[in-house]
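Structure first, then comments.
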Amino acid sequence: MTTDDQAVFGRIFTELLMTLVPREEQLLAQQAYYDTLADLPLEAVEQAARAWRKTPGQVYLPTTGEWY
């Protein structure tokens, strides 16, 4: 990802949070996740988030390690 992708990542992260962990305070983690995942392609991050939203029984936000 590039710095230009940060806004799109924010949308991806928020959608994942709202579907898996609907708590407003969890949005504070967005910057930490972005910083950790910044070397991944944005498309891969978005595909992983879509997969987690569709995974039966998925109730937790994935760790940054799981994104890889």
Side-chain angles (χ1 to χ4, degrees):
M1 293 186 286
T2 68
T3 54
D4 293 338
D5 295 328
Q6 192 163 5
V8 175
F9 177 78
R11 179 189 52 77
I12 295 166
F13 190 83
T14 299
E15 288 175 3
L16 189 60
L17 278 173
M18 298 312 288
T19 57
L20 295 179
V21 185
R23 292 184 214 139
E24 188 67 28
E25 66 272 10
Q26 293 293 332
L27 294 176
L28 298 173
Q30 180 179 326
Q31 187 64 49
Y33 270 71
Y34 177 81
D35 292 344
T36 303
L37 302 173
D39 62 332
L40 293 174
L42 180 62
E43 183 177 312
V45 171
E46 190 162 19
Q47 287 174 356
R50 266 191 304 243
W52 278 306
R53 286 195 310 262
K54 294 178 182 179
T55 301
Q58 181 75 34
V59 294
Y60 298 105
L61 184 66
T63 66
T64 53
E66 291 172 316
W67 288 72
Y68 280 90

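Values in this document were obtained by computation on a predicted structure and should not be read as measured data.
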> Given the rule in the side-chain contact (heavy atoms from CB on, under 4.5 Å) test, do Arg11 and Glu46 qualify, once you have shown the distances and angles that lead to the verdict?
Replying inline: CA-CA 10 Å; Arg11 179 189 52 77; Glu46 190 162 19; 3.0 Å; yes
> Checking side-chain contact (heavy atoms from CB on, under 4.5 Å) for the pair Leu17/Tyr33: CA distance, chi angles, key distance, verdict?
Replying inline: CA-CA 12 Å; Leu17 278 173; Tyr33 270 71; over 6 Å; no
> For Glu43, what residues pass the side-chain contact (heavy atoms from CB on, under 4.5 Å) criterion, not counting sequence neighbours?
Replying inline: Gln47
> Does any non-hydrogen side-chain atom of Leu61 lie less than 4.5 Å from one of Phe13?
Replying inline: yes
> For Gln6, what residues pass the side-chain hydrogen bond (donor to acceptor under 3.5 Å, both in side chains) criterion, not counting sequence neighbours?
Replying inline: Gln31
>> As an exercise, state the distance from CG of Asp39 to CG of Asp35, rounded to the nearest 0.5 Å.
In response: 11.0 Å
> Could you give the distance from CG (Leu37) to OH (Tyr68), rounded to the nearest 0.5 Å?
Replying inline: 5.5 Å
> Of all residues at least two apart in sequence or in a different chain, which pass the side-chain contact (heavy atoms from CB on, under 4.5 Å) check with Thr2?
Replying inline: Asp4, Asp5
> Is there a side-chain contact between Gln30 and Thr14 (heavy atoms, below 4.5 Å)?
Replying inline: yes
> For Tyr34, what residues pass the ring-ring contact (aromatic ring centres under 6.0 Å, His included) criterion, not counting sequence neighbours?
Replying inline: Phe9
> So, for Leu16 and Pro62, which heavy atoms are closest and what is the spacing to 0.1 Å?
Replying inline: CD2-CD, 3.9 Å
> So which pairs with a foot in residues 59-68 pass salt bridge (charged side-chain N to carboxylate O under 4.0 Å, His left out), sequence neighbours left out?
Replying inline: none
> Of all residues at least two apart in sequence or in a different chain, which pass the salt bridge (charged side-chain N to carboxylate O under 4.0 Å, His left out) check with Arg53?
Replying inline: Glu15
